[in-house]
Amino acid sequence: MDFGKLLVALKKEHKKAQHDVFAQYGKTMYALCRRYLSPAEEAEEAMMNGFLKVFTHVANASFTTEAAFAGWMRRIMVNECLQQLRKSHSFLTLTETSDENKADDQSPDYTLHAKELFAMIETLPTGYRTVFNLYVLEGYTHQEIADMMQISEGASKSQLSKARQKLAQLWKQKNAYYGLGKAR
Amino acid sequence: MDWEKQDNELRKLMDGADFLPDGERFDSAASWKKMQEKNKPSQKKIVAYWMRIGAAACIIGLLGLLIWRVQIQNDIMPAEPMVKTEKADTKNAQQIPSTIQALSIDSNLQKNASNETASFASSSFQRLESKQKETVQPLLVTTTNEMAQHDFSIPDVPQNTPVINPNSQPETAIHTDTKNTIATTNTLPQEPSTTAAIAPNKKPALRVMHYNDLKGNFSTPPPVFVQTKKSDIEWQQLVLQNAASSREHPLSIKIDIHPAPKKSL
């Protein structure tokens, strides 16, 4: 279906259009939520809530391209994941550390398979994983992350640095296991 | 280390990616069904909302129907009679003209007679005259032990017919035994009470007893209606009085419960 007609049908709350959008973007949004939320049930819950909000508020929004519509959906999904995380975790415990801006020259080369990277990100602690996803993968600034997670900007930077260090360690361990070098 | 470059590359790598952990898969149909189930409470709320509106409409309709029925009943039967007459024994009772039964003479009604009831009064008076001539009800009921005995060998005398006289005193016991004496009372205070002595060949005049004589006296049989011989003027006055009160109920019986002055027999 043409995106323009699909958008018109969505605004009229047609069930078929909603089903088509869910079928097209469902897996991608679920994978996005899965990066933030560890149990699969929580990720699915956040995804469903996100889609319900998309279908509810699409009548009040306007999009020129399909990419803009997808980007709008992603922001809704991220907000739902953060809301879910606030229920189970408290980001107020995230504080700044002394080595927040310490650069790691031994940082791994991220030229690896996306699936491997995804598996490594999943092993990170909640705070590290959340900040890493928001900054590196979603492109938010530290100020925006601080506002969204209700933490300080320094704490956001600290969490990102620790996430990178952790990923580097994991990558080294993985490469050491397979006996491979740094770069592929 | 150019973190920005690394982050950009990583972002491009993960953009649009739908990788899931090992052993995990996404079921689109099952998730869609779950989402529809999750969205259902809103539909339930809508159904509950309309059911509440329907229930309220039904209640209002029933109340309106009830009020309408009450109004219709009031229009058909606006008022009940003030006094329920105790009917006599059906075996011995005879039909008595309804206009003659329990005619109460109220001096106040004479003042309230209006011109609007003149035509009705004249027609009623004519009916009364004709009925009076046709049927004379020689009914004498009230008796006392002190009264003289009379022989009522009248075949058509009804027994146990109630007698009402608003101005008389409840002096004597009442029963319909023909061998007993008769207690007579006046219908008008200014007229002397006429006895119930009747010649053997004449029909006795009817007397009107006070309503108080009817109540509470269970030792004697109920009285019979007594008709007094009235003049034309008296009948006319009665008709006018009855016509004046016909607006409320033409056949209503009005009893004066005020104690009547004592009359000598």
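Per chain, numbering begins at 1; letters A, B, ... match sequence-line order.
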**Q.** Toward chain B, the part of Y25(A) with a non-hydrogen atom under 4.5 Å
**A.** neither
Q | Part of M47(A) lying under 4.5 Å from any heavy atom of chain B | A | side chain
Taking all heavy atoms of [X] and all of [Y], pick out the closest pair and write down the distance.
| X | Y | result |
| --- | --- | --- |
| A23(A) | S28(B) | CA-OG, 4.0 Å |
| S31(B) | E44(A) | OG-OE2, 3.1 Å |
| F51(A) | M35(B) | CB-SD, 3.6 Å |

Q) Within a radius of less than 6.0 Å around CD of E13(A), do more than 12 heavy atoms belonging to other residues, nucleotides or ligands occur? A) no
(Q) Around atom NZ of K53(A), are there more than 12 heavy atoms from other residues, nucleotides or ligands closer than 6.0 Å? (A) no
Q) When heavy-atom pairs shorter than 4.5 Å are enumerated against chain B, which of E122(A), R34(A), E45(A) gives the highest number? A) R34(A)
Q: Could you tell me the separation between the NE2 atom of H19(A) and the CD atom of Q36(B), rounded to the nearest 0.5 Å?
A: 8.5 Å
Q: If the plane angle is over 60° it's perpendicular, under 30° parallel, otherwise tilted; pick one for F22(A) and W32(B).
A: tilted
Q | Ion pair check, E138(A) and R11(B), cut-off under 4.0 Å | A | no
